[in-house]
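The structure appears below as structure tokens.
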Amino acid sequence: MEELIEQYHNASNLEARIKLHELYSLNKKDWFTWLFEQYQIDSGSKLLELGCGDGTFWAKNEQFIPNDWNVVLSDFSPGMLADAQRK
């Protein structure tokens with residue numbers, strides 16, 4: 001488990017992986033946008049994400065998130081949480 005924490009002490013490794021997918025994916029639509037479109041979440045919902053990483057999913061879909069959602073992001077890595085907070 002310590003190796004995993006060291007690997008993701010911040011989001012740089014994750015961001016590199018995301019960038020690779022953005023550059024070389026054959027899909028026309030962004031993964032995070034496509035995934036968000038698959039959810040059917042009621043207004044006023046309370047959401048908890050376990051393992052939010054650097055928060056890219058929420059940052060890329062920020063304009064679609066209703067003000068009445070209560071969203072809590074969590075991650076095992078303090079570095080990931082710090083990067084998510086910056087986003």
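Here, residue 1 is the first one in the sequence, and each next residue gets the next number. Source: prediction; values computed, not measured.
Contacts classified as side-chain hydrogen bond (donor to acceptor under 3.5 Å, both in side chains) and involving residues 38-48 (residues at least two apart or in different chains) are not found. Pairs of residues two or more places apart, or lying in two chains, never qualify as salt bridge (charged side-chain N to carboxylate O under 4.0 Å, His left out) while including a residue from residues 62-78.
In this structure, Trp69 and Phe36 have tilted ring planes: the angle between them lies in the 30° to 60° band.
In terms of the side-chain contact (heavy atoms from CB on, under 4.5 Å) criterion, residue partners of Leu23 (sequence neighbours excluded) are, by chain and number, Lys19. For Glu37, the salt bridge (charged side-chain N to carboxylate O under 4.0 Å, His left out) partners are Lys29, not counting sequence neighbours. Partners of Ile18 by side-chain contact (heavy atoms from CB on, under 4.5 Å), not counting sequence neighbours, listed by chain and number: Leu14, Glu22, Phe32, Asp54, Thr56. Under the side-chain contact (heavy atoms from CB on, under 4.5 Å) criterion, Ser25 pairs with Asn27, sequence neighbours left out.
A distance of 6.5 Å separates OG1 of Thr33 from NZ of Lys60, quoted to the nearest 0.5 Å. Of the inter-residue distances, the one linking Met80 atom CE with Ser74 atom OG reads 12.5 Å to the nearest 0.5 angstrom. With values rounded to the nearest 0.5 angstrom, Phe57 atom CZ is found 11.5 Å from Cys52 atom SG.
Residues Leu47 and Asn70 form no side-chain contact, since every pair of their non-hydrogen atoms from C-beta on lies 4.5 Å or further apart.
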